[in-house]
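Here's the structure we're looking at; comments come further down.
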Amino acid sequence: MEGVSQGRLPRAPHTYASVILEAGESVVTLARWLGHSSPTITLDYYAHFMPEAGGKGRGAIDALLAQPAAVATAA
């Protein structure tokens with residue numbers, strides 16, 4: 001390709017993946033789009049681009065623990 005250094009072209013999938021994950025797309029979907037055989041491969045390379053990972057789970061546990069004891073044990 002004219003005007004594109006050989007060192008920059010391999011970065012395109014990495015940039016694409018990081019932008020997609022930071023936008024909140026699922027790892028499973030991204031793995032499929034990138035042609036990875038497993039989402040584990042995608043996570044191995046790109047998990048650091050998911051700063052909110054685990055936030056929903058932590059929020060759910062925090063909400064549960066913030067409930068009065070009688071409500072939490074009634075279930």
With Ser26, which residues qualify under side chain to side chain contact (heavy atoms under 4.5 Å, CB included), at least two apart?
Val28, Thr29

Answer whether the closest heavy-atom distance between the side chains of His14 and Tyr45 falls below 4.5 Å.
no

Who are the side-chain hydrogen bond (donor to acceptor under 3.5 Å, both in side chains) partners of Ser38, not counting sequence neighbours?
Thr40

Nearest heavy-atom neighbours spanning Thr15 and Ser18
O-OG, 2.8 Å

Tightest non-hydrogen contact, residues Pro13 and Tyr46, listed as O-OH, 4.1 Å

Linked, directly or transitively: Val19 and Tyr16 (ILVMFWY side chains, under 4.5 Å)
no

To the nearest 0.5 Å, what is the distance between OG1 (Thr42) and CD1 (Ile20)?
12.5 Å

